**Q** 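This is the structure I have questions about; it appears just below.
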Amino acid sequence: MEPSDNPWLEVSKTYRVHQETLEYTALCRSMGARPPSQTSLKDARASALTFNVTANGVHAYDGTETEFIIPASDDIDGVPVTVYTPNTLPEVPAILVYFHGGSLVFGSRKTHENAVKMISEKSGAIIVSVEYRLLPCPEDPLAPFNDSIAVTRWIKQFKEAIGGAADSKVGVGGDSAGGQIACCVVNDVIGLDFQILVYPVTDFACSLPSFQEFRKIPAFNTDDLEWRLALTNKPILNAAEDPRVNPSARKNLELTPPTLIILAELDPVRDSGLEYDRKLRSAGVEVDLELVHAVPHGFFSLPGIFKTKTTEAYGHVVKFIQKFQR
């Protein structure tokens with residue numbers, strides 16, 4: 001790539017930019033990917049699915065995939081989930097309830113299935129991938145959070161119904177908006193055993209240095225985040241002060257279970273993730289923090305492009321999960 005064609009040129013004056021990051025940007029260009037703010041939600045959702053399927057292909061899962069509909073008082077249709085049970089299942093597997101990223105407005109189980117499959121295979125854990133309702137949702141502005149709470153409570157109560165053991169440890173996790181959901185779920189579902197946050201959205205103020213540093217980068221950037229917050233927070237009165245949606249508004253951080261935080265270096269939410277790590281530690285929470293260098297927000301769900309960097313990140317997740325099973 002010629003210097004004049006390198007959209008990461010300015011960033012590369014301060015940071016190393018991984019070759020996989022350049023390949024990701026090139027694929028975005030070749031597929032005509034546009035920021036969601038510049039298209040309709042319908043098109044943004046279709047584009048996210050097409051991009052992920054194109055980039056990742058299909059990973060043949062070494063295990064069993066089972067579909068469930070989890071009852072939810074806030075959703076008369078119930079919440080669809082896919083339960084991934086690996087053939088490497090230990091005697092007492094951990095159960096991870098996983099919430100996909102996508103700014104709360106797009107993304108799905110399908111866009112994140114390869115990541116979930118690979119982590120399940122390598123860890124031996126049962127992973128429950130949640131198809132929560134997306135926003136905007138006029139009948140329920142808290143739909144993603146309410147659906148995710150309902151699923152987590154059900155899984156915690158009926159572990160054996162999905163192939164777990166009576167004493168299986170149950171945790172929650174997610175990437176980006178899914179990490180935001182996970183933070184809020186542990187605010188309402190007390191007694192979870194672990195939490196995994198991948199570049200979570202934990203701050204609505206967007207005032208920390210990384211928000212300004214990566215405002216215009218050729219990947220998920222601060223402009224994209226502010227567009228998304230304006231869309232999803234508008235129907236919620238005082239959203240920034242509401243712990244149901246904003247992790248930074250939580251007052252009971254000491255109830256958070258042991259947590260793994262994975263951050264991307266070239267990411268506007270990086271510094272808010274570091275700040276959330278500091279807050280958790282100050283509250284006495286056991287935290288493992290891992291910074292994946294030279295990659296942007298979004299890499300975690302794209303193992304087809306970020307082959308070495310997802311291997312690195314998934315390794316941290318696998319090691320963490322395995323502490324909670326035997």
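These numbers come from a predicted model, not from an experiment.
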**Q** Please check: side-chain N/O of T259 versus main-chain N/O of P257, any donor-acceptor pairing under 3.5 Å?
**A** yes
**Q** Check whether the side chains of H59 and E121 place a donor and an acceptor atom closer than 3.5 Å, and report yes or no.
**A** yes
**Q** Side chains of T21 and W8: do they bring a donor and an acceptor to under 3.5 Å?
**A** no
**Q** Is K323 paired with D288 through a side-chain N to carboxylate O contact shorter than 4.0 Å?
**A** yes
**Q** Within the supplied structure, the quantity of interest is the number of heavy atoms (other residues, nucleotides, ligands) at a distance under 6.0 Å from K122 NZ; does it exceed 12?
**A** yes
**Q** Is there a donor-acceptor pair under 3.5 Å between the side chain of Q325 and the backbone N or O of A94?
**A** yes
**Q** Taking only Lys NZ, Arg NE, NH1 and NH2, and the carboxylate oxygens of Asp or Glu, determine whether D193 and K156 approach each other closer than 4.0 Å.
**A** no
**Q** Do you see a donor-acceptor pair shorter than 3.5 Å between the side chains of R250 and T256?
**A** yes
**Q** Using atom types as modelled and distance alone, determine if a side-chain donor or acceptor of Y199 lies under 3.5 Å from a backbone N or O of F300.
**A** yes
**Q** Taking the side chain as every heavy atom from C-beta outward, state whether V189 and I149 have any pair of such atoms under 4.5 Å apart.
**A** yes
**Q** Count the heavy atoms of every other residue, nucleotide or ligand shown that sit under 6.0 Å from CD1 of I76, and state whether that count exceeds 12.
**A** no
**Q** Is there side-chain contact between Y276 and L197, with heavy atoms separated by less than 4.5 Å?
**A** yes
**Q** When you compare the side chain of P303 with that of N56, does any pair of heavy atoms fall below 4.5 Å?
**A** yes
**Q** About how many Å separate CG of D62 and CE of M118, when rounded to the nearest 0.5 Å?
**A** 12.5 Å
**Q** Can you tell if the side chain of I119 reaches within under 4.5 Å of the side chain of I321, non-hydrogen atoms only?
**A** yes
**Q** Measuring only between side-chain heavy atoms, which start at C-beta, is F220 closer than 4.5 Å to S103?
**A** yes
**Q** Tell me yes or no: between the side chains of S120 and Y61, is some donor less than 3.5 Å from an acceptor?
**A** yes
**Q** Quick one: are the ring centres of F299 and Y24 less than 6.0 Å apart?
**A** no
**Q** Hey, is the main chain of V295 close enough, under 3.5 Å, to the side chain of E265 for a donor-acceptor pair?
**A** no
**Q** Sub-3.5 Å donor-acceptor pair from the side chain of K159 to the main-chain atoms of S168, do we have one?
**A** yes
**Q** Is there a donor-acceptor contact under 3.5 Å linking the side chains of D175 and H112?
**A** yes
**Q** Where the side chain of R45 meets the backbone of V105, is there a donor-acceptor pair that is under 3.5 Å apart?
**A** yes
**Q** Find out whether Y84 and E113 are in side-chain contact, i.e. whether some heavy atom of one side chain is under 4.5 Å from a heavy atom of the other.
**A** yes
**Q** Measure from the side-chain N and O atoms of D43 to the backbone N and O of T39, and report whether any donor-acceptor pair falls under 3.5 Å.
**A** no
**Q** Check this for me, if you would: do R228 and D224 make a salt bridge, where the nitrogen-to-carboxylate-oxygen distance has to be below 4.0 angstrom?
**A** no
**Q** Quick one: closest heavy-atom pair of P93 and A165, and the distance?
**A** CD-N, 4.4 Å
**Q** Any salt bridge linking E213 with R270? Criterion: basic side-chain nitrogen under 4.0 Å from a carboxylate oxygen.
**A** yes
**Q** Can you tell me if E139 has over 12 outside heavy atoms packed within less than 6.0 Å of its CD?
**A** yes
**Q** May I ask you to decide if T222's main-chain N or O and Q212's side chain share a donor-acceptor pair within less than 3.5 Å?
**A** no
**Q** Are the charged groups of K319 and E290 less than 4.0 angstrom apart, N to O?
**A** no
**Q** Does a salt bridge link E67 with R109, judged by any charged N lying under 4.0 Å from a carboxylate O?
**A** yes
**Q** Look at the aromatic rings of F324 and F194 and report parallel, tilted or perpendicular, splitting at 30° and 60°.
**A** parallel
**Q** Main chain of S210, side chain of D271: is a donor-acceptor contact present, judged purely on distance under 3.5 Å?
**A** yes
**Q** Would Y15 and F214 count as a ring-ring contact (aromatic ring centres under 6.0 Å, His included) here? Give the steps.
**A** CA-CA 12 Å; Y15 298 94; F214 302 117; 5.7 Å; yes
**Q** Taking everything shown except R16 itself, do over 12 heavy atoms lie less than 6.0 Å from its CZ?
**A** yes
**Q** So, H297 and D267: side-chain donor and acceptor under 3.5 Å apart, yes or no?
**A** yes
**Q** With sequence neighbours excluded, give me every ring pair (Phe, Tyr, Trp, His ring centres under 6.0 Å) pair touching residues 124-152.
**A** H100-Y132
**Q** For the side chain of S47 and the backbone of A44, is there at least one donor-acceptor N/O pair under 3.5 Å apart?
**A** no
**Q** Would you say CD of E275 has more than 12 non-hydrogen atoms from neighbouring residues, nucleotides or ligands within 6.0 angstrom?
**A** yes
